[in-house]
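Note that this is a predicted model, so its numbers are computed, not measured. For reference, positions follow the sequence shown, starting with 1.
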Amino acid sequence: MIFFDENWPDSELMNTPPTEAEQSEIDKAVAMAKTVGLAIVVLGDDEETVGESRSRTSLDLPGNQQKLVEEIYKTGTPVIVVLINGRPMTINWVDKYVPGIVEGWFQGKFGDLPSPMYWWAVTIRAESFRYPSLKR
């Protein structure tokens, strides 16, 4: 599963519309959502977007994931979001409109318990922001 778009990381800095292939995948997901009683949408990060030496400019969902979940929501099909991530994320729109959110974090090597790194307490802010510059 790839959680970012073809233009990432540039798309994190500039609003970039989905490529033709990405829009086609979003359209397929929307069409499928119209045929089911519940849409389970998996969002988040992977090893390419989070980790040591993987700085981000935002805590928002990478790529076109926000567009994906919004388009599926518009179908009227009930939505549950499953987050697979290794860092806090701002999901304000999801929190406001989606009645069920499951926080999955990164799973262990075989889908078992997450690594001990993710057992630490974490603070999740309600809004995305940029950290101020640290000047010496």
Does Leu61 offer a backbone N or O that forms a donor-acceptor pair with the side chain of Gln66 under 3.5 Å?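 Judged by distance alone, no pair lies under 3.5 Å.
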Distance-only, no hydrogens or angles: does the Glu103 side chain make a donor-acceptor pair with backbone N or O of Trp105 under 3.5 Å? yes
By the salt bridge (charged side-chain N to carboxylate O under 4.0 Å, His left out) test, which pairs, at least two apart or in different chains, include something from [range]?
range           : answer
residues 88-100 : none
residues 68-78  : Glu71-Lys74
residues 25-42  : Glu25-Lys28

Do the side chains of [Y] and [X] get nearer than 4.5 Å, heavy atoms only?
X     : Y     : answer
Asn64 : Gln23 : no
Val69 : Leu43 : yes
Val98 : Ile80 : no

Would Ile101 end up clustered with Ile72 when hydrophobic side chains under 4.5 Å apart are linked, directly or stepwise?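 Yes, it is one cluster - the side chains of Ile101 and Ile72 are joined through contacts under 4.5 Å.
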Is there a chain of hydrophobic side chains (I, L, V, M, F, W, Y, each step under 4.5 Å between heavy atoms) that links Leu83 to Trp93?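 The answer is yes; both residues are in one hydrophobic cluster.
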Across all chains, not counting sequence neighbours, the side chain to side chain contact (heavy atoms under 4.5 Å, CB included) partners of Thr19 are Glu6, Asn7, Ala21, Glu22
Not counting sequence neighbours, which residues clear side chain to side chain contact (heavy atoms under 4.5 Å, CB included) with Val36? List them please.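 For Val36 the side chain to side chain contact (heavy atoms under 4.5 Å, CB included) partners, ignoring immediate neighbours, are Thr77.
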Specify the closest pair of heavy atoms between [X] and [Y], including all atoms of both residues, with the distance to one decimal.
X     : Y     : answer
Leu59 : Arg87 : CA-NH1, 3.3 Å
Gln65 : Gly44 : OE1-N, 2.6 Å
Asp45 : Gly86 : OD2-N, 4.2 Å

Applying the side chain to side chain contact (heavy atoms under 4.5 Å, CB included) criterion to Ile40, which one of Val82, Val81, Val79 satisfies it?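 Running side chain to side chain contact (heavy atoms under 4.5 Å, CB included) over Val82, Val81, Val79 with Ile40 returns exactly one hit, Val82.
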How would you list all residue pairs meeting ring pair (Phe, Tyr, Trp, His ring centres under 6.0 Å) that involve residues 17-40, not counting sequence neighbours?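 Qualifying pairs, neighbours excluded: none.
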